[in-house]
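These notes concern the structure reproduced below.
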2 protein chains.
Amino acid sequence: MSQNTKTKHHHGDLKNALISAGLDILEENGLDGLSLRKCAAKAGVSHAAPAHHFGNLDGLKEAISARAFGLFREAMIQAAEAEGSDDRARLKGICRGYLRFGLNHKGLLDVMFGLPASAFLKASKVPDESDSYAVLREACAPFVPEGSTPEIVEVQVWSLIHGFTQLYTSGRFGDLPEKDADQGLFDQVIALLDSLSAAPS
Amino acid sequence: MSQNTKTKHHHGDLKNALISAGLDILEENGLDGLSLRKCAAKAGVSHAAPAHHFGNLDGLKEAISARAFGLFREAMIQAAEAEGSDDRARLKGICRGYLRFGLNHKGLLDVMFGLPASAFLKASKVPDESDSYAVLREACAPFVPEGSTPEIVEVQVWSLIHGFTQLYTSGRFGDLPEKDADQGLFDQVIALLDSLSAAPS
DNA sequence: ATCTGATCTTTACACTGTCAAGTTGGATCA
DNA sequence: TGATCCAACTTGACAGTGTAAAGATCAGAT
């Protein structure tokens, strides 16, 4: 029994185990299903164990979100690369990845965008790991008008795709007529970005 | 004592009193501060009284939201009318009212857009009272391309302003440089709607 | 071999939503 | 008028939650 499966203390990697448990719960039961005690139970520790690593529930959510932002970032990059090398197609690919992540991982998106501002910034900007905003910034770069700050285009694109994703994944568009469904509606809505003018390279 | 202030039963208009209490709590302490028991206490009744009128917490949230959607609708209409009669200015006015409502009443917006899909539809579509979507639809009507369904433009506009409002009111844009602040950033972002082409009247 | 401190458990408490059963009092009906 | 009914509300209870305090355990350093 060099490695008893039920040693009472010193789990070994409880911090990551709790984060993984939280991700599982979010995927299965959404944000409402997440609790410190359920994460602890899933990881096989006492209900108060998470507090030692994360302080409180907000701390756990921030840690979970840091991992989730990594997945989010990868989903956007992957969707963009599937679009080839055209700048506009790439930007739309980012948006498609954004929406797809929301559809497939609504619980994760909810916890990420439910964070307080400071926790959001920390969780979303782990360099070379979870920095999701950098993905957006790079995709928007070819569309920054001369003499303008890049933030404007970035906020335009972010607002459009974030709003669409939130509304769509929450069922706010009701039961759409089939002709508009899914990719169709997305393509038609995201076409608003066709008005962005490509900056001179 | 024709009207004792502390009659034990038969409050009179408890339903509306609880909704008002809920609105107050949301304005003061946000969505996290809202609870059945606090609403009951604020209305001066026992903790289980709200269940009789609303069934459960979701029911109370739906009822609160129905009232909030009325305020939301009025805020958008008022902001639009301040813009005069130009179609595009009116549409942007709607959006400005949307944002302003989010800034001034974040708790309300949170409870409204936190509702499950079916409750959202019921709360947001009380005819001649809380039908907020009708306001958007009418403002978008002049920009529906010939041969297209109105839903596309509506979803474009809704997504853009909803995303911007959510991100802005949650502090997702960080501490913005002053030059982009407030109305400035809003105007620059909403300028994306300048690409919508006015339909032939 | 002892000490120390990080890790985890146990216990406790306030707060939450929700259910079940009891109480009240206005309205209806004989 | 007096009995009855029932909606409105209270009381009590229970499970679940976050979180704080204090105790137990174990790995590693001294």
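Order of the sequence lines fixes the chain letters, A, B, ..., with proteins taken first and strands second; residue numbering starts at 1 for each chain.
Using a 4.0 Å heavy-atom distance criterion, B:Gly59 is classed as making no nucleic acid contact. The residue A:Ala51 sits apart from the nucleic acid: no heavy atom pair falls under 4.0 Å.
Across A:Leu192, A:Thr169, A:Leu185, a single residue satisfies side chain to side chain contact (heavy atoms under 4.5 Å, CB included) together with A:Phe164, and that is A:Leu185.
In this model, the phosphate group of D:dC9 is not approached by any side-chain N or O of B:His52 to a distance below 4.0 Å at OP1 or OP2. Residue A:Ser35 has a polar side-chain atom (N or O) positioned under 4.0 Å from OP1 or OP2 of D:dT17. Considering only side-chain N and O atoms, B:His53 lies under 4.0 angstrom from the phosphate OP1 or OP2 of D:dC9.
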Would you please test A:Ile64 and A:Leu23 for side chain to side chain contact (heavy atoms under 4.5 Å, CB included) and show each step? CA-CA 7 Å; A:Ile64 292 173; A:Leu23 288 169; 3.6 Å; yes
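Considering only heavy atoms from C-beta on, B:Val153 comes within 4.5 Å of B:Pro145 through its side chain.
For a distance-only test at 3.5 Å, the side chain of A:Arg37 fails to qualify as a donor-acceptor partner of the base of D:dG16. The base of D:dG12 lies close enough to the side chain of B:His47 for a donor and an acceptor atom to sit less than 3.5 Å apart.
Which of C:dC8, C:dT16, C:dT18 sits closest to the side chain of B:Lys38 comes down to C:dT16. Set against C:dG17, C:dT9, D:dC9, the side chain of B:Leu14 has D:dC9 as its closest nucleotide.
Ring to ring, B:Phe120 and B:Phe69 are close: their centroids are under 6.0 angstrom apart.
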